[in-house]
2 protein chains.
Amino acid sequence: MTDRAQHDAMANAIRALSMDAVQAANSGHPGLPMGGADIAAVLFSKIMKFDPKAPNWPDRDRFVLSAGHGSMLLYSALYLLGYEDMTLEDIKNFRQLGYKTAGHPEYGHADGIETTTGPLGQGLGNAVGMAIAEAKLNAEFGRDLVDHYTYVYAGDGCLMEGISQEAISLAGHLKLNKLIVIWDNNNITIDGKVSLADSTDQRKRFEASGWATMDIDGHDPVEIEKALKDAQASDKPVLISARTTIGFGSPNKAGTSKVHGSPLGDEELAAAKKQLGWAYGPFEIPAEILDAWRQAGGRGAEARTAWTERLDATASETRSEFERRMRGELPAAFKPAMAAYKKKLAEDKPKKATRASSQDALEVLNGAVPETMGGSADLTGSNNTDTSQTLPYSASDYSGRYVHYGIREHGMVAAMNGIALHGGLYPYGGTFMTFSDYCRPSIRLAALMGIRVGLVMTHDSIGLGEDGPTHQPVEHLAALRAIPNLLVFRPADAMEAAECWEIALERTQQPSLLALSRQGLPALRTEYSDENLCLRGAYTIWGDDNADVVLFGTGSETQLAVEAAKELTEEGISARAVSVPSMELFHAQPDDYKASVFGKARARVAVEAGIEQGWAKLLGATGRFVGMTGFGASGEISALYKHFGITTKAVVDAAKAQL
Amino acid sequence: MTDRAQHDAMANAIRALSMDAVQAANSGHPGLPMGGADIAAVLFSKIMKFDPKAPNWPDRDRFVLSAGHGSMLLYSALYLLGYEDMTLEDIKNFRQLGYKTAGHPEYGHADGIETTTGPLGQGLGNAVGMAIAEAKLNAEFGRDLVDHYTYVYAGDGCLMEGISQEAISLAGHLKLNKLIVIWDNNNITIDGKVSLADSTDQRKRFEASGWATMDIDGHDPVEIEKALKDAQASDKPVLISARTTIGFGSPNKAGTSKVHGSPLGDEELAAAKKQLGWAYGPFEIPAEILDAWRQAGGRGAEARTAWTERLDATASETRSEFERRMRGELPAAFKPAMAAYKKKLAEDKPKKATRASSQDALEVLNGAVPETMGGSADLTGSNNTDTSQTLPYSASDYSGRYVHYGIREHGMVAAMNGIALHGGLYPYGGTFMTFSDYCRPSIRLAALMGIRVGLVMTHDSIGLGEDGPTHQPVEHLAALRAIPNLLVFRPADAMEAAECWEIALERTQQPSLLALSRQGLPALRTEYSDENLCLRGAYTIWGDDNADVVLFGTGSETQLAVEAAKELTEEGISARAVSVPSMELFHAQPDDYKASVFGKARARVAVEAGIEQGWAKLLGATGRFVGMTGFGASGEISALYKHFGITTKAVVDAAKAQL
């Protein structure tokens with residue numbers, strides 16, 4: 001076979017598997033894999049560095065299918081390249097329950113799926129994070145251990161989503177020149193031609209943010225290969241505009257939105273195979289073509305062996321540190337540092353905003369855990385996310401540990417997801433909690449993927465005061481607790497802030513979010529305990545177990561629960577205050593522990609400066625809630641708490657009303 | 001006074017009021033009003049068309065302070081121009097509870113505040129909607145009645161947020177040439193210099209999306225005036241990059257982030273006044289300068305009078321239609337059309353997905369209500385948002401009624417908010433419900449402002465099937481119900497879809513969101529009723545009032561509640577099914593109605609293909625929930641419902657377990 005014939009056959013193998021799988025599933029997106037097959041064939045067989053026999057090799061190139069609906073492009077390639085856990089059986093059962101081949105690529109389903117994509121633009125944001133991580137680890141461990149590219153396959157949709165602007169302007173600013181984005185420039189979206197809704201000059205737009213750009217025929221393997229090699233040599237991130245035909249090969253549907261998200265149908269599928277010169281049955285890949293793919297898959301073994309030799313030759317301390325980081329294990333120094341810090345807090349009893357307590361905890365953490373990488377969406381001084389160790393990460397110094405993400409909450413969290421997915425680093429980043437809405441799609445994906453990122457959400461209630469209702473979270477605690485697998489913490493004081501951070505780092509399969517106060521708070525946990533009490537989710541912070549009244553509080557309102565418990569006790573009504581730093585962790589406790597927290601109380605009250613939704617399980621049928629029922633207002637903090645009736649007296653009254 | 005001296009005095013009046021107000025509040029953002037005072041003075045005194053004596057004049061130019069933290073710029077100008085409901089007392093009580101002068105501009109607090117801003121980039125998105133509305137109404141009613149500009153004052157933060165890309169690419173595509181954005185190009189953000197986090201060439205970026213751009217000295221009134229006049233004549237939307245000094249006038253803090261978000265302090269304030277040559281005490285505006293401002297405020301009276309004369313001279317049918325539209329009243333044809341349609345549904349009993357039923361209702365609505373303006377974020381065929389009446393709105397035909405918003409959920413809802421705020425139109429727009437996360441910040445603002453927009457959220461559960469967990473809403477119903485003042489509907493069939501749309505249009509002070517199924521659903525409401533039963537929020541859809549078991553269902557799961565009630569009844573257990581199209585409306589019912597819905601049931605079950613959060617108030621202490629506990633999966637719909645245990649049998653068992 002000529003080079004070109006072999007290329008065509010390899011590309012058609014992707015097209016055929018994709019058409020067949022979508023047809024068998026009777027749903028899915030054939031247009032992208034058919035249009036992108038030439039690019040994928042070149043990229044995977046000639047350009048990218050990876051080894052299907054060692055799919056998690058740390059120094060592999062990363063591939064992100066940002067246009068996740070084209071999942072069959074990735075699944076086909078993984079199978080053809082010889083990734084062992086992607087079988088023909090999986091391909092045949094595309095989109096069926098229990099198979100790895102979900103409608104969109106799901107991280108964790110199979111090796112080679114570097115991130116979960118589908119919500120458009122997210123993959124591009126993740127890739128920026130991966131490239132940030134690569135540059136950071138390269139700066140830290142040297143090019144012998146870390147030196148790889150991040151490739152993105154993005155569609156028109158990815159580039160239209162706002163998150164793309166945050167991602168590309170950040171990447172351009174940071175000069176992440178090992179980030180290469182291939183834009184599947186096919187001029188088609190679901191509604192029809194791109195020109196229905198957009199007329200942006202994308203190359204000019206990317207260039208405005210410091211990218212190099214190229215324009216190629218996305219069906220010409222020679223142009224594709226040259227562009228990718230040129231891109232590798234760029235000193236800027238690169239956008240390759242690859243002109244493609246969506247549904248390439250389909251005689252009647254190619255180049256139209258009809259082929260975007262529906263099976264071709266038996267007749268058109270047969271016609272497409274004929275036009276492509278693909279004379280094989282469903283899911284049939286001739287041995288010769290499979291061999292060519294498997295040989296391509298084997299290309300990386302040599303590079304990996306050489307890398308392993310370099311790792312073996314690395315000084316043992318560096319090597320073990322690198323390996324620890326890549327395993328995602330915390331250093332031995334972590335636990336003792338946290339214990340010592342908790343002892344100090346028990347002595348100092350600091351009266352501080354929890355955002356400041358969080359910063360104090362981060363100072364300890366960042367000292368003990370070198371892989372933390374902080375940042376903020378332009379609210380560093382307000383989020384208290386920097387510490388003495390976190391020098392800026394910048395284009396002129398990739399060894400830094402603090403990313404000035406800019407006013408880009410969405411791009412920040414998407415990048416943090418990418419940093420976590422890359423491995424070797426623990427990203428945390430901050431914004432105001434009300435702006436968790438701006439990055440919610442990325443928070444959801446962190447939870448869905450089960451990856452460890454730290455979300456620092458300060459100014460967590462009307463307690464932020466004068467900035468008013470746009471900046472005051474009201475529904476956010478409920479809305480964030482609603483996201484499955486997201487750990488939401490609302491520490492009450494410095495001790496709890498330390499414990500919550502400790503849990504956040506130890507939970508490697510979950511993102512954690514800390515809701516933190518702007519306003520100063522008293523120390524409520526003034527005794528040292530070896531046990532991390534916050535791990536219980538809720539625990540008695542004041543009062544005795546047999547009290548008639550139990551008062552739940554979180555964060556800045558825990559003090560109201562404690563004060564109310566004291567007042568009731570003084571009045572002869574036995575009362576107990578329970579701090580609830582994490583509802584999720586409490587709900588996961590054994591029944592007997594939960595029962596012990598409720599005790600024999602005849603009255604229950606919860607106080608939280610948010611809406612009631614989500615509290616019912618703790619309040620039961622008769623308990624009462626003291627909190628918000630609508631949006632906040634602009635005003636001085638004490639005036640607001642009084643105005644909205646979130647006071648010690650309100651808690652006391654709500655308890656008495658039940659007795 | 002020379003022109004320049006008068007200009008300086010007028011600009012300094014804004015600076016002085018802003019400095020004094022921030023100082024008195026001891027919080028706020030003096031930097032922007034001080035930096036933007038020259039621009040504001042020119043814009044309000046020489047360029048913009050408005051009349052403080054008729055602040056809601058429909059043909060006024062709109063001004064949007066997208067950088068809402070600079071609220072004192074707007075408040076100062078409104079007071080100085082003579083808007084009667086912005087008093088010096090309000091200015092003196094900046095950021096205090098109960099005053100109009102909230103930390104960020106709040107729509108509805110005072111005339112001249114055209115939208116609520118603060119969350120960055122939103123105002124820019126709103127302004128695109130206002131310009132869309134202007135062009136649409138201009139095309140419909142002619143330039144005699146509608147011919148005005150929309151001005152935006154945007155900061156670096158607005159331009160860094162992803163939503164800005166969605167807004168500008170949409171505006172550029174639609175060639176909204178009466179949209180003029182002034183970029184307060186001061187090189188400073190909260191963390192420091194813009195160069196810490198961004199190096200985008202903004203002019204190039206805007207030009208890439210079809211904008212004209214200019215660059216001016218933002219402190220030179222001659223340049224400012226010329227640029228604004230040139231911008232008015234442009235055939236494209238215009239970005240004016242206005243180089244300014246943040247905190248202009250402050251001798252020690254100007255040009256730094258120190259002056260962004262903190263009071264100057266008494267000493268620096270005095271020094272600034274000295275440097276500016278402002279010899280007056282706190283909140284003191286000399287009569288001569290106030291007169292100059294008031295004269296500027298009076299400029300528009302003549303234009304408004306002329307406009308009123310043109311309106312008076314308009315054919316009475318057109319005039320009354322224009323006035324009805326501007327009052328936001330529905331046409332007389334609306335109610336009868338809906339009643340006739342409901343009668344037809346009772347006869348036809350269509351078995352359809354609610355997204356298709358919604359489209360049928362829209363066909364009726366769009367026929368009866370000419371001010372509806374539909375759209376979708378590139379999912380027209382999936383969201384079923386188009387009807388026979390909604391021809392495309394485009395740069396070549398602004399009379400259209402359907403906006404192809406592109407893959408821009410966030411920009412879409414922000415623009416819809418702007419369309420609603422402009423007046424004269426009712427915007428609705430669609431996306432997949434999981435992507436409500438992408439536009440959540442704008443949904444929240446619609447709720448906070450209390451404006452009427454229609455959010456069409458299809459594919460509302462695991463019922464969407466094979467696209468998998470990224471596309472399957474699980475926590476979204478709970479998270480959306482958590483937003484105060486947002487009406488969330490989940491109709492069970494075509495009749496309910498019609499009723500929910502009827503309510504959505506009638507509720508002028510609230511946004512409404514319809515959660516709609518992808519999958520086909522049976523007709524459950526097969527009798528015509530004059531009463532809109534969905535207005536009750538929840539009502540008995542099957543079975544008798546004294547049943548022992550009550551089963552709540554919403555949307556696609558209502559049929560499971562009905563089937564389970566029938567099964568239980570057949571087994572000799574009296575059961576009743578309650579449809580819950582809107583929790584918010586149900587919670588707002590009188591207690592006796594709510595009690596009648598619960599009846600004497602000894603067992604309660606709710607079934608909804610989402611998480612349990614939010615159901616407690618309907619379930620009480622012992623009720624059970626059948627739904628989701630985590631993320632969904634990719635698979636065929638019936639396999640998914642079975643896998644996740646959302647079945648008639650599960651509902652029946654949950655009821656029996658309580659008896």
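To find a chain, count down the sequence lines: A is the first, B the second, and so on, and within it residues start at 1. Predicted, not measured: the structure shown is a model, and the values here were computed from it.
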(Q) Counting only non-hydrogen atoms closer than 4.5 Å, does B:Ser27 touch chain A with its backbone (N, CA, C, O), its side chain (CB onward), both, or neither? (A) side chain
Q. Hey, are B:Ser209 and A:Thr200 close enough side-chain-wise for a donor-acceptor pair under 3.5 Å?
A. yes
Q.
Using heavy-atom distances under 4.5 Å, tell me whether B:Ile611 contacts chain A through its side chain, its backbone, both, or neither.
A. side chain
Q | Part of B:Ser436 lying under 4.5 Å from any heavy atom of chain A | A | neither
Q. Side chain, backbone, both or neither: which part of B:Thr117 has a heavy atom under 4.5 Å from chain A?
A. backbone
Q: Side chain from CB out, backbone as N, CA, C, O: work out which of these in B:Glu106 comes under 4.5 Å of a heavy atom of chain A, or both, or neither.
A: side chain
(Q) So A:Gln165 and B:Met160, do their side chains get closer than 4.5 Å, heavy atoms only? (A) no
Q) Is a side-chain N or O of B:Asp437 found less than 3.5 angstrom from the main chain of A:Arg440, in a donor-acceptor match? A) no
Q.
I'd like to know which of A:Ala478, A:Gly610, A:Gly468, A:Ser394 tops the heavy-atom pair count under 4.5 Å against chain B.
A. A:Ala478
Q: Apply salt bridge (Lys or Arg N to Asp or Glu O under 4.0 Å) to B:Glu612 and list each qualifying residue two or more places apart in sequence or on a separate chain.
A: A:Lys617
(Q) Heavy-atom pairs under 4.5 Å with chain A - which of B:His404, B:Glu166, B:Glu161 has more of them than the others? (A) B:Glu161
Q. What part of B:Tyr438 gets closer than 4.5 Å to chain A, counting heavy atoms only: side chain, backbone, both or neither?
A. both
Q. With only heavy atoms counted, which part of B:His29 is less than 4.5 Å from chain A, the side chain, the backbone, both or neither?
A. side chain
Q: With sequence neighbours excluded, tell me which residues meet side-chain hydrogen bond (donor to acceptor under 3.5 Å, both in side chains) with A:Ser199.
A: B:His173
Q) Would you call A:Glu475 and B:Arg444 a salt bridge, taking side-chain N to carboxylate O under 4.0 Å as the test? A) yes
**Q.** Option that, when pairs with chain A are counted at under 4.5 Å, heavy atom only, ranks first among B:Thr470, B:Asp467, B:Leu445, B:Asp378
**A.** B:Asp378
Q: Below 4.5 Å from any heavy atom of chain B, which atoms of A:His69 appear? Answer side chain, backbone, both or neither.
A: neither
(Q) Testing the basics here: between A:Pro484 and B:Val474, what is the closest heavy-atom pair and its distance to 0.1 Å? (A) CG-CG1, 4.3 Å
Q | Region of B:His410 that comes under 4.5 Å of a non-hydrogen atom in chain A | A | side chain
Q. Quick one: what part of B:Ala167 sits under 4.5 Å from any heavy atom of chain A, side chain, backbone, both or neither?
A. neither
Q.
What part of B:Thr116 gets within 4.5 angstrom of chain A, counting heavy atoms only: side chain, backbone, both, or neither?
A. side chain
